[in-house]
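For reference, the structure is listed below as structure tokens.
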Amino acid sequence: MKYENLKLNNQLCFALYSATHALTRAYRSALENKGLTYTQYLVLLVLWEGNIVSVKTIADRLDLDSASLTPILKRLEAAGILSRVRNKADERVVEIKLTEQGFALQDEIAGIQKRVACQTGLPTKEFEELKASLHK
């Protein structure tokens, strides 16, 4: 090979892609049993952090545009997990609120997250360091 930096194993982008793909697969199979997609899981994470969250806030937190987010929210609403309401002060703003069923999912999903985290095989300290490094 002419350039050492072009080897697949020397690519940070490939290492991140592979790790992300493996984690997403692990989540996907566990979440399917709950009738959720990985993206719906991410939406729920944002909602569990706040009580009532605007669509814009969710989109910003997940780096999604509202056109991508709207069908996800509609499916979660149809499943009885959340409700969408217009803000009374500004009707252009749509706010998302979890239903009791949405709140109840938190207990089950916490167990899934712990199992997936364990599947990384990383000790807790390394897991936390990697997460901090990636956020940075």
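Residues Y41 and Q113 meet the side-chain proximity criterion, which asks for heavy atoms closer than 4.5 Å. Contact check for I96 versus V46: no side-chain heavy atoms found under the 4.5 Å cut-off.
Distance check, rounded to the nearest 0.5 Å: OG1 of T120 to CG of L23 gives 7.0 Å. Between the CG atom in L130 and the CD atom in E128 there is a gap of 9.5 Å [rounded to 0.5 Å]. The NZ atom of K97 lies 5.0 Å from the CD1 atom of I52; values are rounded to the nearest 0.5 Å. The distance from the CD atom of Q106 to the CG atom of L98 is 8.5 Å, given to the nearest 0.5 Å. Atom CG of L76 sits about 10.0 Å away from atom CZ of R84, to the nearest 0.5 Å. Atom CG in L82 sits 7.5 Å away from atom CG in L44 (nearest 0.5 Å).
For the pair S18 (side chain) and F14 (backbone), a donor-acceptor distance under 3.5 Å is present. Between the side chain of S54 and the backbone N or O of V94 there is no donor-acceptor pair closer than 3.5 Å. Side chain of E4 to main chain of N10: no donor-acceptor pair is present (N/O by atom type, distance under 3.5 Å, no hydrogens or angles). The backbone N or O of G102 sits less than 3.5 Å from a side-chain atom of T99, completing a donor-acceptor pair. A donor-acceptor pair is defined here as one N or O able to donate and one able to accept, closer than 3.5 Å; such a pair exists between the side chain of Q11 and the backbone of N5. The backbone N or O of K34 lies less than 3.5 Å from no partner atom in the side chain of E108, so there is not a single donor-acceptor pair.
Within 6.0 Å of atom CG in D63, 12 or fewer heavy atoms from other residues, nucleotides or ligands are found, so the atom counts as exposed in its surroundings. Applying the 6.0 Å contact sphere to OH of Y17 captures no more than 12 heavy atoms from other residues, nucleotides or ligands.
Between S83 and E77 the shortest heavy-atom distance is CA-OE2, 4.0 Å. When all heavy atoms of Q101 and G80 are compared, the pair lying nearest together is OE1-O, 3.3 Å. Looking at every heavy atom in both residues, L69 comes nearest to V55 through CD2-O, 3.6 Å. Of all non-hydrogen atoms in R86 and R92, the two that sit nearest each other are NH1-O, 3.8 Å. L31 and Y38 make their closest contact through CD1-CA, 3.9 Å (heavy atoms, listed as atom of the first residue, atom of the second, distance).
The pair E129-K125 counts as a salt bridge, with a side-chain nitrogen and a carboxylate oxygen less than 4.0 angstrom apart.
Between the side chains of D65 and S68, at least one donor N or O sits under 3.5 Å from an acceptor N or O.
A side chain to side chain contact (heavy atoms under 4.5 Å, CB included) with L62 is found for one member of V43, L45, T39 and no other, namely V43.
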Checklist entry - side-chain contact (heavy atoms from CB on, under 4.5 Å) between I109 and L36: does it pass, once the steps are laid out? => result CA-CA 10 Å; I109 301 302; L36 296 170; 3.9 Å; yes

Checklist entry - Under the side-chain contact (heavy atoms from CB on, under 4.5 Å) criterion, do M1 and L6 qualify, and how do the steps go? => result CA-CA 8 Å; M1 174 161 227; L6 293 180; 3.7 Å; yes

Item to check | side-chain contact (heavy atoms from CB on, under 4.5 Å) assessment of R61 paired with T57 | outcome: CA-CA 6 Å; R61 291 284 314 274; T57 299; 4.3 Å; yes

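Criterion: ILVMFWY side-chain heavy atoms under 4.5 Å apart, direct or through other members. Under it, L122 and L134 are part of a common hydrophobic cluster.
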